[in-house]
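Keep in mind that what you see is a predicted model, and the values were worked out from it rather than measured.
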Amino acid sequence: METFHRFLILLAGIFLFGIGVLLGLLELIAIIDPVGTKMADDSDPFGDPHIPWYVHTIYILITISCFFLSWLLFRSIEKTK
């Protein structure tokens, strides 16, 4: 049971790390090329893609928290060995 529990913790850590990497890459692309990452906007399809600063902040905080939580999970596995 101990091995299965550590496997689940490792799986959760890998999942959180993957989400962190994905969100980080998407945020980097959104900062570099905001026109290319503009979502569908029927009211103004070719308009300026103004993304408020707090949206970038939220994505960056979620990315950092995913990396931090995955680090905590990996560290907890190392402590139980």
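Every residue two or more places apart in sequence or in another chain that forms a side-chain contact (heavy atoms from CB on, under 4.5 Å) with Leu8 is listed here: Phe4. Scanning for ring-ring contact (aromatic ring centres under 6.0 Å, His included) contacts around Phe67 gives Phe17, with sequence neighbours left out. The side-chain contact (heavy atoms from CB on, under 4.5 Å) search around Leu28 returns Ile32, not counting sequence neighbours. The side-chain contact (heavy atoms from CB on, under 4.5 Å) check on Ile14 picks up Leu10, Phe74, with sequence neighbours excluded.
Taking all atoms of both residues into account, the shortest heavy-atom contact from Ser76 to Ile9 is OG-CG2, 3.8 Å.
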Working for side-chain contact (heavy atoms from CB on, under 4.5 Å), residues Thr57 and Trp53
CA-CA 6 Å; Thr57 306; Trp53 62 270; 3.5 Å; yes
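Among residues at least two apart or in separate chains, there is no side chain to side chain donor-acceptor pair (under 3.5 Å) pair with a member in residues 62-74. Applying the side chain to side chain donor-acceptor pair (under 3.5 Å) test to residues at least two apart or on different chains, none of the pairs has a partner in residues 7-22. Pairs of residues two or more places apart, or lying in two chains, that qualify as side chain to side chain donor-acceptor pair (under 3.5 Å) and include a residue from residues 14-32 are Glu27-His56.
For the side chain to side chain contact (heavy atoms under 4.5 Å, CB included) with Tyr59, the lone residue among Leu23, Ile31, Leu26 that qualifies is Leu23.
Under a 4.5 Å side-chain heavy-atom cut-off, the cluster of Ile, Leu, Val, Met, Phe, Trp and Tyr residues that includes Ile64 is completed by Ile60.
Rounding to the nearest 0.5 angstrom, the gap separating the CD1 atom in Ile19 from the CG atom in Leu22 is 8.0 Å.
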